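Here is the structure we will look at, set down as structure tokens.
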Amino acid sequence: MKSAAPLLKGAAAALAIALAAPLAAQEAAPAAAAAAAAAATYPETPEGAAAWVAMVEADLAAFSKEYGHVSWLNATYINHDSDTLAARYGAELTVKQVGYANEAARYARVAGLDAETARKLDMLRNGIGLPAPNRPGAAEELNEIATRLGSAYGRGKGTLGGQPINGSDIEAEMGNLERTPDELKEMWASWHDNVGAPMRGDYVRMSALANEGAKELGFTDYGAMWRSGYDMPPEQFAAETERMWQEVKPLYIALHTYVRRKLNEKYGDAVQPRTGPIRADLLGNMWAQEWGNIYPLVAPAGAGDIGYDLTDLIAKKNLDAVGMVKVGEQFFSSLGFDPLPATFWERSQFVKPADREVVCHASAWNIDNVDDLRIKMCIKPNADDFVTIHHELGHNYYQRAYNQQDPLHLNGANDGFHEAIGDMIALSITPEYLVQIGMLDPSQVPSADKDIGLLLRQAMDKVAFLPFGLLLDRYRWGLYDGSIPEAAINTGWNELRQEYQGIVPPVPRDPAGFDAGAKYHIPGNVSYTRYFLARLLQFQFYKSACDTAGWKGPLHRCSFYGNKEVGAKLDAMLELGASKPWPDALEAFTGERQMSGKAMVEYFAPLKKWLDQQNKGEKAGW
């Protein structure tokens with residue numbers, strides 16, 4: 001997770017939604033007066049637009065630093081006072097965003113703008129997560145709906161054995177291999193019926209209001225507004241994501257075919273047929289987006305023991321939380337990056353404090369957008385947190401690398417880059433890397449016969465996720481542009497799930513329901529394509545680093561630890577931030593100007609070959 005540092009699309013924006021409308025209403029008159037004054041000071045000319053953008057950047061930069069401190073306080077000292085401060089600052093940010101977005105839409109129509117000013121105006125127009133129409137009562141109504149939807153999801157419950165079960169518990173139970181197909185079916189159906197269906201009316205209204213607001217900002221619809229943040233026309237971006245999906249689709253189909261056979265062998269034809277789609281509740285996850293929980297059901301014979309356990313290695317090294325972070329820092333130092341500042345070690349939250357409530361969800365921060373870098377975690381000495389530390393530090397080094405850029409450029413090249421950098425670093429924790437840093441004895445490096453099991457375990461999450469990562473926004477784009485009509489809001493969702501994921505609900509669905517609402521990011525109004533991009537970009541980045549390092553073995557075994565040339569090329573990309581269109585940033589590191597799934601295909605090539613052998617005689621696809 002990124003920090004509050006990106007001025008418009010980071011955590012700061014997410015915190016702002018709940019109280020936006022009341023404060024917006026209170027400050028509407030002052031905002032209008034300010035807009036009138038701005039019009040006189042910054043005329044609608046190319047020079048006036050550029051000067052206005054510079055003023056906005058200076059204002060947001062100053063506000064972001066103060067808000068960063070407040071947000072950190074609220075995340076690490078949760079109490080009434082920190083909640084109050086965070087809500088106030090979040091609402092103030094929203095007022096700024098709304099005002100600046102509407103002004104940016106006006107300046108964007110000026111003829112003769114230079115390319116940089118036009119690009120920054122687009123960033124400002126895109127800065128509102130949920131654009132309200134500019135008419136009395138609209139912002140208040142949108143805020144009320146967003147608040148209701150968020151609360152409804154948070155309070156949502158399914159059932160297990162007829163008894164209520166909350167969201168986090170039901171997620172865990174969906175991955176419990178001891179549960180019967182009937183229990184899985186009950187949990188799946190009750191969650192979708194109890195949580196999703198009641199949201200339908202509010203969600204339809206929220207979408208209509210946001211669509212209206214997006215059109216006032218100059219976009220065709222709300223989906224086009226989302227797609228316009230990628231330095232290309234919205235329709236071209238949609239085509240690009242489809243192209244990337246087609247590159248990796250054969251790998252997904254091979255995995256789907258193999259997993260379907262294994263589920264058929266376990267449950268029989270009556271529960272999971274040998275051909276066709278997979279029953280959605282059998283894949284170990286409420287949304288069938290990652291399948292790693294059922295890996296034991298599909299693991300190849302002899303794949304279990306890889307010869308070492310990373311959690312045990314951490315214990316043998318006597319690494320505490322700070323020691324684990326020091327290991328992560330050394331990874332970046334070996335590439336030539338400067339050490340983390342002393343303040344990082346003084347101000348970060350490494351473990352859960354015993355005396356107060358905190359947000360334990362891992363995140364990386366740059367409070368002042370210069371070098372007040374921090375991570376916030378509740379580290380435990382285990383393998384998962386060791387990997388997460390490397391991931392979060394990837395964000396921190398990215399944040400510091402672009403700290404010389406203009407305020408609006410203090411972000412990743414596109415919204416997939418930041419997560420992909422963290423994930424690329426996490427991919428680099430190979431047995432070879434563990435040997436290089438003295439945590440694993442060379443004699444314990446897993447033999448090649450363990451590779452298929454290791455790759456399959458990764459693919460059950462990373463490959464299985466791809467169609468879900470793509471369809472969540474494709475569905476919403478269809479709602480916003482009308483290609484999925486309101487009457488088809490539920491059938492359209494389940495048809496897309498079958499088309500892309502090859503899954504079907506375990507029970508017949510009511511066309512009047514709203515199954516999509518059972519996934520947080522839908523009522524939470526969080527765009528999702530970034531996660532699809534990050535899943536592919538991490539492999540593209542990783543392969544580029546391995547190629548630069550001269551790695552000769554299988555890609556999934558690569559370590560580029562200690563390679564200064566890799567570090568220099570990586571830094572050349574990171575330091576650009578969002579100052580250049582993302583193809584320029586991608587080219588700086590990889591030499592390519594097109595995002596691609598081909599590196600992921602190469603990484604999993606040994607697994608694909610094995611899956612094809614296993615799938616002989618099976619009917620692929622659905």
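Just so it is clear, the structure is predicted and the values come from calculations on it, not from any experiment. Side chains are part of it too, since the values below use all heavy atoms of this structure and drop only hydrogens, waters and symmetry mates.
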* To do: Using a strict 4.0 Å threshold on nitrogen-to-oxygen distance, state whether Arg457 and Asp461 make a salt bridge.
  => yes
Backbone of [Y] reached by a side-chain donor or acceptor of [X] within 3.5 Å:
X	Y	value
Asn382	Thr311	no
Ser348	Arg374	no
Gln399	Ala364	yes
Gln538	Leu427	no
Arg356	Thr76	yes
Asp473	Tyr528	yes
Tyr295	Gly453	yes
Gln405	Glu575	yes
Arg200	Gly517	no
Ser82	Asn79	yes

If you define the side chain from C-beta out and look only at heavy atoms, does anything of [X] sit under 4.5 Å from [Y]?
X	Y	value
Phe332	Leu340	no
Leu536	Met595	no
Trp72	Lys376	yes
Tyr222	Ser207	no
Leu586	Gln540	yes
Asp571	Leu335	no
Phe344	Asn396	yes
Asn369	Asn403	no

Tell me, please, which residues at least two apart from [X] pass salt bridge (charged side-chain N to carboxylate O under 4.0 Å, His left out).
X	value
Asp59	Lys96
Asp202	Arg148
Arg535	Glu290

* To do: Apply the test side chain to side chain contact (heavy atoms under 4.5 Å, CB included) to residues Trp191 and Met174: give CA-CA distance (whole Å), side-chain angles for both, the deciding distance (0.1 Å), then the verdict.
  => CA-CA 11 Å; Trp191 181 258; Met174 287 297 292; over 6 Å; no
Taking only residues two or more places apart in sequence or in another chain, which ones pass ring pair (Phe, Tyr, Trp, His ring centres under 6.0 Å) with [X]?
X	result
Tyr475	Trp493
Trp291	Tyr252
Trp582	none

Crowding at [atom1], [X] (>12 non-hydrogen neighbours, <6.0 Å):
X	atom1	answer
Lys352	NZ	yes
Gln330	CD	yes
Tyr520	OH	no
Gln444	CD	yes

Qualifying residues under side-chain contact (heavy atoms from CB on, under 4.5 Å), relative to [X], sequence neighbours excluded:
X	answer
Arg179	Leu160, Glu173, Asn176, Glu183, Leu184, Met187
Asp368	Lys65, Asn366, Val370, Asp371, Asp372
Ala189	Asp193, Val507

* To do: Under the side chain to side chain contact (heavy atoms under 4.5 Å, CB included) rule, what do Phe337 and Leu570 come out as? Steps first, then yes or no, please.
  => CA-CA 10 Å; Phe337 289 92; Leu570 178 59; 4.1 Å; yes
* Which residue, Val195, Ile165, Thr159, forms the side chain to side chain contact (heavy atoms under 4.5 Å, CB included) with Ile170? -> Ile165
* Asked: Given the side-chain rings of Tyr402 and His409, with only the six-membered ring counted for Trp, is the space between their centroids under 6.0 Å?
  -> no
* Look at the aromatic rings of Tyr603 and Phe539 and report parallel, tilted or perpendicular, splitting at 30° and 60°. => perpendicular
* Using the ring-ring contact (aromatic ring centres under 6.0 Å, His included) rule, take Tyr433 and Phe331 through it: C-alpha gap first, then chi angles, then the decisive distance, then the call. => CA-CA 9 Å; Tyr433 165 61; Phe331 180 94; 5.4 Å; yes
* To do: Using the disulfide (SG to SG under 2.5 Å) rule, collect all pairs that involve residues 333-381, keeping only residues at least two apart or in two chains.
  => Cys360-Cys378
Using a 3.5 Å cut-off and no angle test, enumerate the donor-acceptor pairs between side-chain atoms of residues 313-325 and protein atoms at least two apart in sequence or in another chain.
| residue | atom | partner | partner atom | Å |
| --- | --- | --- | --- | --- |
| Lys317 | NZ | Gly438 | O | 3.0 |
| Asp320 | OD1 | Val322 | N | 3.4 |
| Asp320 | OD1 | Gly323 | N | 2.7 |

* Considering all heavy atoms of both residues, which atom of Gly129 and which atom of Trp226 are nearest to each other, and what is their separation? -> O-NE1, 4.4 Å
* Asked: So which pairs with a foot in residues 366-388 pass ring-ring contact (aromatic ring centres under 6.0 Å, His included), sequence neighbours left out?
  -> Phe386-His390
* To do: Could you point out which residue of Asn414, Thr241, Asp415 forms a side chain to side chain donor-acceptor pair (under 3.5 Å) with Tyr230?
  => Asp415
